[in-house]
2 protein chains.
Amino acid sequence: MSPVDETQAEVMELFRRLSLVMRRSAVERLADVGLTPPLAIALHHLDEPIAMGALAERLSCDASYVTGLADRLEELGLAERRVDPTDRRVKQLALTEAGLRFRRQARERLYDGAQMLAPLEPDELEAFAAALRKIVDAAESP
Amino acid sequence: MSPVDETQAEVMELFRRLSLVMRRSAVERLADVGLTPPLAIALHHLDEPIAMGALAERLSCDASYVTGLADRLEELGLAERRVDPTDRRVKQLALTEAGLRFRRQARERLYDGAQMLAPLEPDELEAFAAALRKIVDAAESP
DNA sequence: ATCAATGGTTTAGAGTATCAAGCATTCTGG
DNA sequence: CCAGAATGCTTGATACTCTAAACCATTGAT
């Protein structure tokens with residue numbers, strides 16, 4: 001029955017608010033190009049062809065959700081599934097030509113939200129990133 | 001056409017991952033007590049009766065969403081709407097007796113996710129909180 | 001050759017919101 | 001005072017995000 005640390009509770013609350021603001025801003029910026037945030041994020045992870053399951057892992061979401069994202073990216077002509085010749089169960093998701101062209105703008109729209117980080121001085125940003133890395137590493141390691 | 005700063009982009013990605021982990025962990029912990037995260041968060045903000053609109057502002061969400069949260073809290077017997085006598089348009093949402101008793105456990109379950117912050121040393125945590133405050137303040141001020 | 005395991009999809013569902021329209025109440029200018 | 005604007009909340013429609021369970025095809029292991 002740990003008493004909740006005040007600073008920790010405040011951080012949780014701030015974190016929640018920032019998540020909301022960031023998502024809303026991302027939704028807004030991406031709307032012009034017809035993408036939703038998860039689609040843009042998936043696109044961002046397609047530097048090279050990647051198996052559906054591996055992509056799910058990178059996005060930390062269920063594989064079945066990735067199926068839907070891939071469907072949509074295919075409909076938009078931005079990516080395509082390629083059956084892996086070495087294991088026909090596996091499907092590699094790969095950018096198309098159009099996807100490659102499109103990706104840069106999408107990425108910029110997606111990460112323009114990073115301008116919210118502008119109030120931080122470079123060293124503050126670095127410390128912030130380090131703290132996040134620490135937390136995420138600990139949280140994601142089983 | 002600002003080139004995306006690498007550290008900034010990394011921070012955005014880490015932030016996204018942490019949001020996911022935190023939400024999943026909150027969902028899991030709150031399931032036992034029959035609450036969803038937004039309900040627990042709303043409860044957490046009910047230190048004293050608060051008008052629906054004011055609550056929406058605190059939660060940074062649409063007022064219509066708060067209507068649904070309040071409905072659910074009333075169904076659970078944790079809160080009740082009271083018509084403000086000085087302005088009959090306004091409804092104050094207030095904890096019931098049961099809600100008051102319930103709130104402590106809910107809060108602990110909600111903020112147990114704060115244990116994810118444990119890897120940070122106290123001074124790191126403080127710096128992290130300060131950075132978040134800075135960002136959120138800037139992001140939320142119009 | 002069979003049977004378990006793996007990769008991916010389908011389906012169903014819950015949760016998280018937002019927006020537009022509407023009702024009741026209050027406020028304001030004439 | 002009163003017509004109309006503004007405010008507070010609710011309703012209803014809709015979109016998105018995500019998970020879990022059941023399912024099919026393929027592969028690997030005995």
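Note on naming: letters A, B, ... go to the chains in the order of the sequence lines (proteins, then strands), and numbering restarts at 1 for each one. Owing to the predicted nature of the structure, the values given are computational and were not obtained by experimental measurement.
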Q: Please name all residues satisfying side chain to side chain contact (heavy atoms under 4.5 Å, CB included) with A/Asp71, sequence neighbours left out, ordered by chain then number.
A: A/Thr67, A/Arg81
Q: Return the value, rounded to whole Å, for the distance between atom CG of A/Leu55 and atom P of C/dG7.
A: 14 Å
(Q) Rounded to whole Å, please give me the gap between CG in A/Leu30 and C1' in D/dA15. (A) 15 Å
**Q.** Interface with DNA chain D, restricted to residues 71-83 of chain B and to heavy atoms under 4.0 Å
**A.** B/Arg81
Which donor-acceptor pairs under 3.5 Å do the side chains of residues 25-43 of chain A make with protein atoms, sequence neighbours left out?
from	atom 1	to	atom 2	distance (Å)
A/Ser25	OG	A/Arg29	NH1	2.3
A/Arg29	NE	A/Arg109	O	2.6
A/Arg29	NH1	A/Ser25	O	3.2
A/Arg29	NH2	A/Arg109	O	3.1
A/Arg29	NH2	A/Leu110	O	3.2
A/Asp32	OD2	A/Arg109	NH1	2.8

Q.
List the residues meeting salt bridge (charged side-chain N to carboxylate O under 4.0 Å, His left out) with A/Lys134, not counting sequence neighbours, and say none if there are none.
A. B/Glu124
Q | Set of side chain to side chain contact (heavy atoms under 4.5 Å, CB included) partners for B/Arg88, sequence neighbours left out | A | B/Val83
Q) By side chain to side chain contact (heavy atoms under 4.5 Å, CB included), which residues pair with B/Ala127, not counting sequence neighbours? A) none
With 3.5 Å as the limit, what N/O pairs link the protein to nucleotides 15-18 of chain C?
from	atom 1	to	atom 2	distance (Å)
C/dT16	OP2	B/Thr36	OG1	3.3
C/dA17	OP1	A/Arg23	NH2	2.7
C/dT18	OP1	A/Arg24	NH1	2.3
C/dT18	OP2	B/Asp62	N	3.0

Q: Supply the atom-to-atom distance B/Ile135 CD1 to A/Phe128 CZ, rounded to the nearest 0.5 angstrom.
A: 4.0 Å
Q: Let me know the distance between CG of A/Leu69 and P of C/dT9, rounded to the nearest Å.
A: 11 Å
Q. How many angstroms lie between CE in B/Met12 and CG in A/Leu132, if you round to the nearest 0.5 Å?
A. 11.5 Å
Q: Could you tell me the separation between the CG atom of B/Leu35 and the P atom of C/dA14, rounded to a whole number of Å?
A: 17 Å
Using atom types as modelled, flag every donor-acceptor pair under 3.5 Å from a side chain in residues 48-63 of chain B to any protein atom, sequence neighbours excluded.
from	atom 1	to	atom 2	distance (Å)
B/Arg58	NH1	B/His45	O	3.4
B/Asp62	OD2	B/Ser64	N	2.9
B/Asp62	OD2	B/Ser64	OG	2.6

**Q.** Qualifying ring pair (Phe, Tyr, Trp, His ring centres under 6.0 Å) pairs, either residue in residues 53-75 of chain A, two or more places apart
**A.** none
Q | salt bridge (charged side-chain N to carboxylate O under 4.0 Å, His left out) partners of B/Arg23, counting only residues at least two apart | A | none
Q: Return the value, rounded to whole Å, for the distance between atom NZ of B/Lys91 and atom P of C/dC23.
A: 15 Å
Q | Integer-rounded Å distance: C/dT6 P and A/Glu57 CD | A | 14 Å
Q.
Whole angstroms only, please: what is the CG-C1' distance between A/Leu93 and C/dT9?
A. 14 Å
Q: State whether B/Arg88 places a side-chain N or O below 4.0 Å from either non-bridging phosphate oxygen (OP1 or OP2) of C/dT26.
A: yes
Between the protein and nucleotides 28-30 of chain D, which nitrogen or oxygen pairs are less than 3.5 angstrom apart?
none

Q: Please name all residues satisfying side chain to side chain contact (heavy atoms under 4.5 Å, CB included) with B/Asp123, sequence neighbours left out, ordered by chain then number.
A: B/Glu121
